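Read the structure below first, then the notes.
Letters A, B, ... mirror the listed sequences (proteins, then strands); counts begin at 1. All figures in this text were calculated on a predicted structure; none of them were measured in a lab.
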Amino acid sequence: MEQERLEQVFERIKNGDVRLVSRLIRNLEDKVPEAKEVIKYIYPYTGNAKVVGITGAPGAGKSTITDFLISSFRAQDKTVGVLAVDPTSPFTGGALLGDRVRMQNHAGDSGVFIRSLATRGALGGLSAAVEDAIHVLDVMGKDIIIVETVGTGQSEVDIMNNAHTILVVLTPGMGDDVQTIKAGIMEIADIFVINKGDQPGARKLYMDLMRALDMMQDLPGGWKPPIVKLESIAKPAEYANQVDSLKEKIEEHFRFLKDQKMWELREMRKARVQLINAIESQVLSPILELLQKDGEFDNMVQKIAEKEISPHEFAEQIRGKYLKI
Amino acid sequence: MSDRKLRIMVAKPGLDGHDRGARILARYFRDCGYEVIYTGCHQTPEQIVEAAIQEDVDLIGLSCLSGAHKELFPKVVKLLREKGAEDIVVIGGGIIPKQDFQYLYDQGIKEVFTPGTPLEEIKEWIDKNVKVEDRIL
Ligand SMILES: Nc1nc2c(ncn2[C@@H]2O[C@H](COP(=O)(O)OP(=O)(O)O)[C@@H](O)[C@H]2O)c(=O)[nH]1
Ligand SMILES: [Mg+2]
């Protein structure tokens, strides 16, 4: 793309051209080469937005909380971008993206931009498009970017590593007791949210979580993740108040990161994940694609399955061929 | 080396709250390998159009059982045009009498499917009529 057009696109993103921004995110997902060029061009202008990650089991209430958080931030005149990530079906490649159902009340508010993304199965950057979309919304001028993912695998942890502040949503009676909370998810939480706190088991969950947090040794900078309880959307006014206090905790965490000089550490964490993802998608995936194209990959799989040749030997050959080491 | 994937929004404008059919359709589209954005019941044309643009969908499938399709469907097309998003294809479904079809076509609804249409037929229509290749910036 020529310089002049890149400049135009950049200006249009900055001016909040919704059609262009959503098409750009689409093209990033679809891996259209010129979309990546835009990211390269705008990257130096990123870094103004604060990114909040929200993760937890399906049905925990992440989208509902996001909806209320949008209102809470909007009440302070902060603009909000939302990226709601849902899994792609590994069998069909399709995806059913339903997070918006809970967020449709912000239509007509140009201070809010909401986008659903599917994880798309490809190796090399499950989260790459999400990262790039964060950059785009950042340059678009959104003050707060909320990223919702279903907290399961490594890719979700990767996505969460792009956030400054991570919320982990738990609910009583969903097998979410502290013992079973996936290792890795527990550690990344900056704030715990107990949602549906009016339901049986909420108190026990709270106590268990407190105990687990008390035992946690390594609290970087001395931040002990607070637990915020949200009760029931059946009482919307109260629920909104509770989400307001959640928003205050999020802002407290932002301030803590800045005061403790930990903001830079988070930026380094983001940068590390983004670099690894970029290498995966630009170095590893093309090699895999090449191997798959001429059937070499399948031949290798066959030989490995028949115990003829070990995977290491093939990997060494591939390294010798493509990396010359 | 791009990797295009069709994005479809399934939306229910109007007041009726029966979204079973819409959900079945949404799930079927997912199983066809499309990315489906579902926005729930009681959507205004404004909400539908804003979501469709933010989601950069290629197609909006509107489902209406309440009988208000003659106002609601054309309104969606009109709003898309106003926002410069007339390249998003709109189709309709639900309980729609045959004599309304021509009016809806004239208003820019590209196809109308009634209950009982085999889902495969809808997929065939989509694959033939909705192109994603030229979605440039
Ligand atoms: N009782 C109760 N239900 C809730 C609460 N928050 C969300 N829900 C319901 O839980 C279901 C899943 O919510 P959703 O926000 O879509 O969850 P997500 O999958 O984590 O994004 C919906 O039916 C919500 O109405 C809550 O605080 N209390
Ligand atoms: Mg959700």
Side-chain angles (χ1 to χ4, degrees), chain A residues 1 5-6 8-9 12-13 17-38 81-82 84 86 88-89 91-110 112-122 129 285-286 289, chain B residues 1-13 17 19 22-58 79-88 123 126 132-137:
Chain A
M1 219 193 259
R5 223 169 95 58
L6 279 170
Q8 272 171 16
V9 169
R12 285 172 67 192
I13 299 170
D17 182 334
V18 174
R19 194 91 222 273
L20 179 101
V21 163
S22 38
R23 175 60 46 82
L24 175 58
I25 293 174
R26 165 71 172 280
N27 285 355
L28 288 161
E29 294 186 281
D30 289 349
K31 299 201 175 66
V32 177
E34 71 163 18
K36 269 276 184 292
E37 279 186 54
V38 176
V82 175
D86 275 315
T88 294
S89 155
F91 304 108
T92 66
L96 185 47
L97 311 170
D99 295 312
R100 271 196 102 98
V101 172
R102 320 242 173 261
M103 308 181 199
Q104 281 295 79
N105 292 326
H106 306 282
D109 179 355
S110 62
V112 180
F113 179 92
I114 301 168
R115 182 65 150 73
S116 316
L117 294 106
T119 49
R120 307 239 176 142
S285 317
E289 268 168 39
Chain B
M1 247 200 342
S2 63
D3 183 11
R4 285 298 191 196
K5 189 155 279 193
L6 199 75
R7 282 171 74 86
I8 299 178
M9 191 166 121
V10 175
K12 274 199 65 68
D19 69 340
R23 281 174 187 274
I24 290 173
L25 201 60
R27 249 174 268 133
Y28 173 73
F29 286 154
R30 175 199 58 196
D31 294 341
C32 292
Y34 307 139
E35 287 181 358
V36 187
I37 291 92
Y38 184 68
T39 55
C41 294
H42 308 307
Q43 299 292 295
T44 64
E46 286 80 6
Q47 283 175 317
I48 291 169
V49 167
E50 182 165 309
I53 291 176
Q54 291 184 352
E55 297 289 349
D56 196 50
V57 297
D58 307 296
L79 287 171
L80 283 171
R81 282 190 187 136
E82 277 171 26
K83 308 242 173 193
E86 58 276 347
D87 54 326
I88 299 177
K123 177 181 162 31
I126 292 172
V132 284
E133 287 75 27
D134 44 342
R135 299 248 137 201
I136 48 163
L137 274 183

What part of [X] gets within 4.5 angstrom of chain B, counting heavy atoms only: side chain, backbone, both, or neither?
{"X": "A:Met103", "result": "neither"}
{"X": "A:Val112", "result": "backbone"}
{"X": "A:Val21", "result": "neither"}

Inspect the surroundings of NZ in A:Lys36 and state if more than 12 heavy atoms from other residues, nucleotides or ligands are less than 6.0 Å away. yes
Once rounded to the nearest 0.5 Å, what's the spacing between atom CG of A:Asp109 and atom CD of B:Glu50? 8.0 Å
Take A:Asn27 and B:Arg4, measure what side-chain contact (heavy atoms from CB on, under 4.5 Å) needs, and give me the verdict at the end. CA-CA 8 Å; A:Asn27 285 355; B:Arg4 285 298 191 196; 2.9 Å; yes
Is the backbone N or O of [Y] less than 3.5 Å from a side-chain atom of [X], with the two atoms forming a donor-acceptor pair by type?
{"X": "A:Arg100", "Y": "B:Ile37", "value": "no"}
{"X": "A:Thr92", "Y": "B:Arg30", "value": "yes"}
{"X": "A:Arg115", "Y": "B:Gln54", "value": "yes"}

One pair to check against side-chain contact (heavy atoms from CB on, under 4.5 Å): A:Glu29 and B:Asp56. What are the steps and the verdict? CA-CA 11 Å; A:Glu29 294 186 281; B:Asp56 196 50; over 6 Å; no
Between B:Gln43 and A:Gln104, is any pair of side-chain heavy atoms under 4.5 Å apart? yes
Output the option from A:Ala35, A:Ser89, A:Gly98, A:Gly93 having the highest count of non-hydrogen pairs under 4.5 Å with chain B. A:Gly93
Heavy-atom nearest pair, A:Ala107 first then B:Gln47, reads CB-CG, 3.5 Å
Return the minimal non-hydrogen interatomic distance between A:Leu96 and B:Ala26, and the atom names on each side. CD1-CB, 3.7 Å
Run the side-chain contact (heavy atoms from CB on, under 4.5 Å) check on B:Glu35 and A:Arg120 step by step: do they pass? CA-CA 10 Å; B:Glu35 287 181 358; A:Arg120 307 239 176 142; 2.6 Å; yes
Under 4.0 Å between a Lys/Arg side-chain N and an Asp/Glu carboxylate O for B:Arg7 and A:Asp30? no
